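Encoded as structure tokens, the structure appears first; notes follow it.
Residue indices begin at 1 and follow the sequence shown. Treat the numbers as computed from the prediction; the structure is a model and nothing was measured.
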Amino acid sequence: LAHAQAPAAAPAPAAAAAVPTKVAVINLSEAMARTKEGTKAAAEINSKFGPKKAEFDKRQADIEQLTDRLNKGRATMSDDAQKQLNTDIQNKGKDLKRFGEDSQTEMDNDEAKITQDLQMKMFPILQNYAIQSNFAVVIDVGQQSPVLWYASATNITDVMVALYDQAHPVKEDAPAAKTAAPVAPPKPPVKKQ
């Protein structure tokens, strides 16, 4: 008779690693905008596009003046003069629209690049912090978030701003840059990963 062997015992499971159970939330777009690098980038965007905004406003005011002149002068202007003024208004309006669209596209592209650069630097810091803090998940409660409520103690936005600034210090600019007007931080869409 063949000797039956008992099945080998399964190896004892290794000590199970502690499964993270904590949850944290972050407003990622706010965190990126509040970093020193994000604040500096917003100031640079404002500096670059401030003159374009002034140019847009000037062109718009010119069109409004021509429209006002046409409306007030209809009774005394010849038909040819009215047609010419109307053509000028239409041409300036088309140019203004094109200028505005081109400027907006350029600004959107610059903001998207800045956001992408900030995200690429922020994600490793966020991931490292989450692992060290034993978080199971970090939820972005920023723009278009499905999160309806969270305890404020779970919000790590301030911590991430401080850690980012520590990891990516920004050189102070010349005094001229410090006197720039306050700027709204860029708010391009943030892709969740």
*Side-chain H-bond candidate by donor/acceptor type, Q104 with D108, under 3.5 Å*: yes
*Please confirm whether the backbone N or O of D140 pairs with a side-chain atom of S145, one donor and one acceptor, at under 3.5 Å?*
yes
*Hey, is the main chain of T157 close enough, under 3.5 Å, to the side chain of E30 for a donor-acceptor pair?*
no
*Can you tell me if T35 uses its side chain to pair, donor with acceptor, with the backbone of M32 under 3.5 Å?*
yes
*Which atoms form the tightest heavy-atom contact between E55 and F99, and what is the distance?*
CG-CZ, 3.6 Å
_Smallest separation among heavy atoms of A130 and V138, with atom names_ = CB-CG2, 3.9 Å
*What do the steps show when you test K83 against D79 for salt bridge (Lys or Arg N to Asp or Glu O under 4.0 Å), and what is the final call?*
CA-CA 6 Å; K83 285 179 186 176; D79 286 345; over 6 Å; no
_Within a 6.0 Å radius of atom NZ on K121, are there more than 12 heavy atoms belonging to other residues, nucleotides or ligands?_
yes
_T154 side chain reached by V23 side chain, heavy atoms, under 4.5 Å_ = no
*So, does N27 use its side chain to make a donor-acceptor pair with the main chain of V141 at under 3.5 Å?*
no
*Out of curiosity, R98 CZ to K94 NZ, how far, rounded to the nearest 0.5 Å?*
8.5 Å
*Do the side chain of T105 and the main chain of E101 share a donor and acceptor less than 3.5 angstrom apart?*
yes
*Measure across Q119 and P124 and return the closest heavy-atom pair with its distance rounded to 0.1 Å.*
O-CD, 4.5 Å
*Heavy-atom closest pair, residues K92 and L66*: CD-CD1, 3.5 Å
*asked:* Whether the T115 and D117 side chains hold a donor-acceptor pair (N or O, under 3.5 Å, no angle test) is what I'd like checked.
replied: no
_Residue pair T21 / F135, side-chain heavy-atom distance below 4.5 Å_ = no
_Would you say that L126 contacts I156 through its side chain, given a criterion of any heavy-atom pair below 4.5 Å between the two side chains?_
yes
*What pair of heavy atoms forms the shortest contact from V161 to R34, and how long is it?*
CG1-O, 3.8 Å
*If every non-hydrogen atom of D165 is compared with every non-hydrogen atom of K36, which pair is closest and at what distance?*
OD1-N, 2.7 Å
